[in-house]
Amino acid sequence: MASKGTCAKTKASKRRRSSLPNLVPDAQRIFANLNFYFFPNNDIHAGRKARIRVSERYGATWVRDWDATAGITHIIVDHRLTYQDIPVYLKLPEGIPPEVIVVNEEYPSDCIRSQMILDAAQSHYQVPGTPNAAKATSNTGPVASTRIPSQVDVEPKTKQNNQVARRSRSPLPEHDLKGSTATHGDPSESDRVEYGKSSSHDTGCETGQADGETDETKLPQTAPAAPDKYGYELIEAIQEVAALRDIPLELDDVEESDSPPQDEPPSDSDSEDHRPAHKKSKSNHSKFSNFQCMHSHPAPANYSTATATPSSSTIIPPSHPNAQIITLLSLQCDYYTRIQDPWRSLAYRKALTTLKNQPHPITTAAQARQLRHIGDRLARKIEEIATTSRLCRFESTLTDPRDRLLQLFLGVYDVGLAQASKWVDFGCRSLADVQTCPQIALTDNQRVGIAHYDDFQARIPRDEVRQLGAIVTNALRAIDPAFEVTIGGSYRRGARDSGDVDLLITKPGASTRYIRSTVLEQLVPELTARAFLRARLAGGKDSVHAVETTKCHGACSLTPTAPWRRIDLLLVPEEEMGAALIYFTGNDIFNRSLRLLASRKGMRLNQRGLFEDAMRGRGRMKVTEGRLVEGGSERGIFERLGVPWREPTERVC
DNA sequence: AGGCGGTACTG
DNA sequence: CAGTAC
DNA sequence: GCCT
């Protein structure tokens with residue numbers, strides 16, 4: 001309560017403390033002449049302290065006292081506070097002066113990252129509760145993500161908005177995307193509420209105060225003493241890196257209520273979430289309950305994905321009780337993904353989904369050890385992060401130049417670890433090097449991948465996905481109106497943007513052969529002629545295999561000058577649509593989980609159907625096909641597997 | 001100690 | 001077959 | 001990496 005007062009009082013004592021922010025060179029001092037007022041306006045919290053110091057290094061003046069004459073240009077608001085909290089605490093009956101820009105705490109670091117003052121009006125910099133928040137389109141436009149600080153020297157690439165395109169993606173979640181596949185019985189406005197910040201009014205005042213305290217006093221974070229300055233810089237660096245890549249933090253908190261097992265007596269069982277802290281065993285009820293697909297996640301009303309490359313998939317939680325842990329482990333996970341180690345990466349991903357559904361802060365190893373998919377080693381790491389805000393192991397990988405190059409090269413379509421490693425070993429330091437290296441013979445696909453590196457790396461706004469799908473649909477129906485096209489992938493899961501466009505194409509009653517020949521021999525040529533399809537990357541190229549091809553990968557663009565987008569067509573006979581939908585809807589972890597479950601139950605699931613009596617030899621090697629149990633209906637497959645139905649939007653693991 | 005999804009396309 | 005992608 |  002009164003602790004708020006501290007900032008007002010302590011100003012005196014900390015006046016000298018800001019000493020010397022050792023400024024960056026003049027040219028980079030993008031915040032020169034700007035006056036920042038932080039809210040709360042103190043540096044007690046480690047993260048905020050880091051932000052303040054970094055802002056100062058880039059030229060900003062940290063205004064300690066609210067003063068109309070201080071020329072305050074920006075208020076940087078802590079993510080736990082709302083717009084309404086500001087005038088309450090600052091006692092501004094008139095409200096916030098209109099000339100003062102109010103942004104969330106992501107704004108400064110984004111500006112620094114892009115070396116320019118960004119448009120503060122962008123929705124992802126707005127503070128919850130901002131009046132007439134012009135929920136304008138999240139402006140995800142053609143924002144090519146430069147995943148790596150290093151330059152991507154693709155050659156021609158005459159993007160008009162080079163500047164903008166180079167800008168990294170916003171790390172903040174967006175809650176626009178109304179209407180989409182809002183299968184979730186959520187009150188439309190609940191978007192914000194679920195972020196744990198009462199969206200508005202009355203509480204505002206209280207919350208403001210309360211938060212002021214909790215903020216300082218009871219955040220799990222850092223040990224009493226502070227990490228050295230190196231620690232702060234690292235934290236900031238990590239935040240930046242984390243923002244550059246998309247951190248997999250889909251849905252943050254599970255609301256405490258809705259938990260699944262309604263058959264459980266409220267008495268003994270649950271301590272908090274789905275985890276009877278029974279014996280030592282982590283197993284829940286059934287022997288299959290350990291599969292991700294058995295756990296209905298709270299439905300991310302809408303989320304943003306980045307399933308694209310590494311393990312990532314999503315949004316930065318406005319605030320998650322274990323955000324820092326998740327962030328660091330995600331980075332470590334991505335490192336394993338690209339470095340070599342798919343199994344370790346998988347393990348991290350499973351652990352991460354557990355963490356993401358953990359509504360309470362984890363602070364000790366013992367606590368962490370209780371969670372599914374978290375063993376001793378991860379538990380120790382988690383404790384390390386919780387107490388020191390750092391992860392030793394990860395720090396070394398952060399700066400590893402080889403790793404950065406690998407990441408760059410792996411971003412090229414048709415380049416995997418083998419090629420990327422080779423290129424690095426050849427001494428290539430950039431994509432330009434790769435193109436000119438005499439020892440490297442690029443495949444056609446790789447050339448396309450390099451030429452359109454930024455395009456393919458960029459996210460595709462949901463509405464563009466829809467439009468691209470519509471173009472294909474219309475073209476196909478012009479050929480034969482009985483065809484049906486379904487947009488799958490993250491679009492179907494409700495994502496607000498996608499890495500590529502996945503289309504399932506079918507025609508009731510038609511044979512695969514007919515579907516294939518129509519698509520390959522008529523649709524594709526037509527779309528190519530129209531310059532919608534810009535490249536064929538795979539599928540039906542090789543005439544030998546073309547006779548039985550079922551998928552086609554390519555690149556398309558909305559207009560001749562629009563960015564190229566990856567597009568995948570899957571040709572599906574009606575009887576296999578259920579299985580194909582599951583396959584093409586994902587997500588990845590969810591699919592694996594379903595398939596693993598099937599195989600444990602003596603069945604086999606693939607993109608064509610669910611089979612039973614599949615004979616498996618040693619291990620689980622397939623010996624016989626088994627007979628088809630179900631293929632046409634998603635629900636049917638779920639049922640036969642004994643998995644509770646999940647809407648596509650709930651298949652985000 | 002052995003598994004970790006299961007398949008399609010390309011060179 | 002290895003490599004890549006989904 | 002974790003699980004069986």
Side-chain angles (χ1 to χ4, degrees), chain A residues 281-283 287 290-293 307-309 311 329 332-333 335-337 339-354 369 371-382 393 410 412-422 441-446 449 456 488-490 499-504 536-554 566-571 579-580 582-600 603-611 614 616 618-622 625:
Chain A
S281 168
K282 305 185 171 195
S283 57
K287 63 189 275 199
N290 244 16
F291 293 89
Q292 312 259 7
C293 58
T307 338
T309 332
S311 62
L329 290 185
Q332 186 70 26
C333 174
Y335 172 75
Y336 285 128
T337 297
I339 238 23
Q340 185 87 65
D341 203 330
W343 304 128
R344 206 159 294 196
S345 167
L346 179 64
Y348 271 70
R349 289 214 261 168
K350 288 178 174 174
L352 281 165
T353 64
T354 299
R369 188 64 183 77
L371 275 31
R372 289 194 307 145
H373 296 124
I374 294 181
D376 291 328
R377 329 228 307 155
L378 274 174
R380 262 181 279 144
K381 287 185 173 65
I382 288 171
R393 187 95 176 274
L410 284 171
V412 178
Y413 182 86
D414 210 21
V415 172
L417 193 61
Q419 298 307 314
S421 305
K422 207 180 294 180
L442 294 173
T443 66
D444 292 345
N445 286 348
Q446 287 163 352
F456 289 168
S490 54
D500 64 5
V501 183
D502 299 313
L503 302 180
L504 294 102
R536 287 281 290 280
L537 297 172
K541 289 174 108 179
D542 180 340
S543 58
V544 178
H545 297 97
V547 293
E548 52 187 62
T549 201
T550 56
K551 59 162 76 160
C552 179
H553 300 169
R566 286 277 299 100
I567 184 168
D568 298 336
L569 309 181
L570 190 64
L571 315 184
I582 290 175
Y583 165 67
F584 237 35
T585 298
N587 72 4
D588 181 53
I589 297 254
F590 181 77
N591 282 352
R592 287 175 163 216
S593 190
L594 273 188
R595 289 175 173 187
L596 184 58
L597 177 60
S599 92
R600 295 278 167 76
M603 295 183 281
R604 184 168 62 92
L605 177 65
N606 61 24
Q607 64 213 66
R608 303 181 31 212
L610 180 65
F611 300 82
R616 310 197 108 112
R618 291 181 58 76
R620 299 167 43 263
M621 290 302 295
K622 178 177 63 174
E625 278 285 294

* Counting side-chain heavy atoms from C-beta on, which of C/dG3, C/dC6, B/dG5 comes nearest to A/Gln419? -> C/dG3
* To do: Check whether any side-chain nitrogen or oxygen of A/Asn606 sits under 4.0 Å from OP1 or OP2 of B/dT7, and answer yes or no.
  => yes
* Specify the separation, in whole Å, of atom CE of A/Met603 and atom C1' of B/dG5. => 15 Å
* Asked: Looking across every strand, which nucleic acid part, if any, lies under 4.0 Å from A/Arg566 by heavy atom: base, sugar-phosphate, or nothing?
  -> sugar-phosphate
Give the table of side-chain donor-acceptor pairs shorter than 3.5 Å for residues 536-543 of chain A, with sequence neighbours excluded, one pair per line with atom names and distance.
residue	atom	partner	partner atom	Å
A/Arg536	NH2	A/Gly539	O	2.9
A/Arg536	NH2	A/Gly540	O	3.4
A/Lys541	NZ	A/Arg536	O	3.3
A/Asp542	OD1	A/Val544	N	2.7
A/Asp542	OD2	A/His545	ND1	3.0

* Structure fact -> Testing D/dC2, B/dG6, C/dG3 for proximity to the side chain of A/Arg377, the answer is D/dC2
* Asked: On a whole-Å scale, what distance lies between the P atoms belonging to D/dT4 and B/dG5?
  -> 14 Å
* Within this structure, what is the CG-to-C1' distance between A/Leu537 and C/dT4, rounded to whole angstrom? -> 12 Å
* Asked: What is the distance, rounded to the nearest whole Å, between atom NZ of A/Lys422 and atom P of C/dG3?
  -> 8 Å
* Structure fact -> Sorted by chain and number, sequence neighbours left out, side chain to side chain contact (heavy atoms under 4.5 Å, CB included) with A/Ala351 holds for A/Ile374, A/Leu378
* Asked: What is the distance from CG of A/Leu596 to P of D/dC2, rounded to the nearest Å?
  -> 17 Å
* Taking every non-hydrogen atom, the tightest pair across A/Arg595 and A/Gln607 -> NH2-N, 3.5 Å
* Asked: Distance check: side-chain N/O of A/Arg592 vs OP1/OP2 of B/dG5, anything under 4.0 Å?
  -> yes
* Check: A/Tyr348 side chain, D/dC2 base, donor-acceptor under 3.5 Å -> no
* Within this structure, what is the CG-to-P distance between A/Leu570 and B/dT7, rounded to whole angstrom? -> 14 Å
* Asked: Across the strands shown, which category fits A/Val544 at heavy-atom distances under 4.0 angstrom: base, sugar-phosphate, nothing?
  -> nothing
* Where A/Ser490 and A/Gly499 come nearest, the two heavy atoms and their spacing -> OG-N, 4.4 Å
* Contact under 4.0 Å: A/Arg608 side-chain N or O vs B/dG5 OP1/OP2 -> no
* Asked: Would you call A/Lys551 and A/Asp568 a salt bridge, using N to O less than 4.0 angstrom?
  -> no
* Structure fact -> Taking B/dG5, C/dC6, B/dC9 as options, the one with an atom nearest any side-chain atom of A/Thr550 is B/dC9
* **5′-ward residue of the pair A/Lys350/A/Thr549 relative to DNA chain B** => A/Lys350
* Below 4.0 Å: OP1/OP2 of D/dG1 and any side-chain N or O of A/Arg349 -> no
* Asked: For A/Lys541 and A/Leu346, take the nucleotide of DNA chain B holding the closest heavy atom to each; which residue's nucleotide lies nearer the 5' end?
  -> A/Leu346
* For A/His553 and C/dT4, what is the distance between atoms NE2 and C1' respectively, to the nearest whole Å? -> 10 Å
* Asked: Across the strands shown, which category fits A/Asp376 at heavy-atom distances under 4.0 angstrom: base, sugar-phosphate, nothing?
  -> sugar-phosphate
* Asked: Looking at the side chain of A/Asp414, which of C/dT4, B/dT7, B/dT10 is the nearest nucleotide?
  -> C/dT4
* Would one find a side-chain N or O of A/Arg600 under 4.0 angstrom from OP1 or OP2 of D/dT4? -> no
* Check whether any side-chain N or O of A/Arg595 sits under 4.0 Å from OP1 or OP2 of B/dG6, and answer yes or no. => no
* Which part of the nucleic acid does A/Leu605 contact within heavy-atom distance under 4.0 Å: base, sugar-phosphate only, or nothing? -> sugar-phosphate
* Spacing of A/His373 atom NE2 relative to D/dG1 atom P, expressed in whole Å -> 16 Å
* Asked: Tell me, do A/Thr337 and A/Arg349 make a side-chain contact under 4.5 Å, heavy atoms counted?
  -> no
* Asked: Atom CG of A/Leu504 and atom P of C/dC6: how far apart are they, to the nearest Å?
  -> 14 Å
* Asked: Of all the nucleotides listed (C/dG3, D/dC2, C/dC6), which has the minimum atom distance to the side chain of A/Phe584?
  -> C/dC6
* To do: Would you tell me if any nitrogen or oxygen in the side chain of A/Tyr336 comes within less than 4.0 Å of OP1 or OP2 on D/dG1?
  => yes
* To do: Look at the side chain of A/Ala347 and decide which nucleotide, out of B/dT10, C/dC6, D/dC2, has an atom nearest to it.
  => D/dC2
* To do: Please tell me which of the listed nucleotides, D/dC3, B/dG5, B/dC9, lies nearest to the side chain of A/Lys551?
  => B/dC9
* **Smallest separation among heavy atoms of A/Tyr583 and A/Leu570, with atom names** => CD2-CD2, 3.9 Å
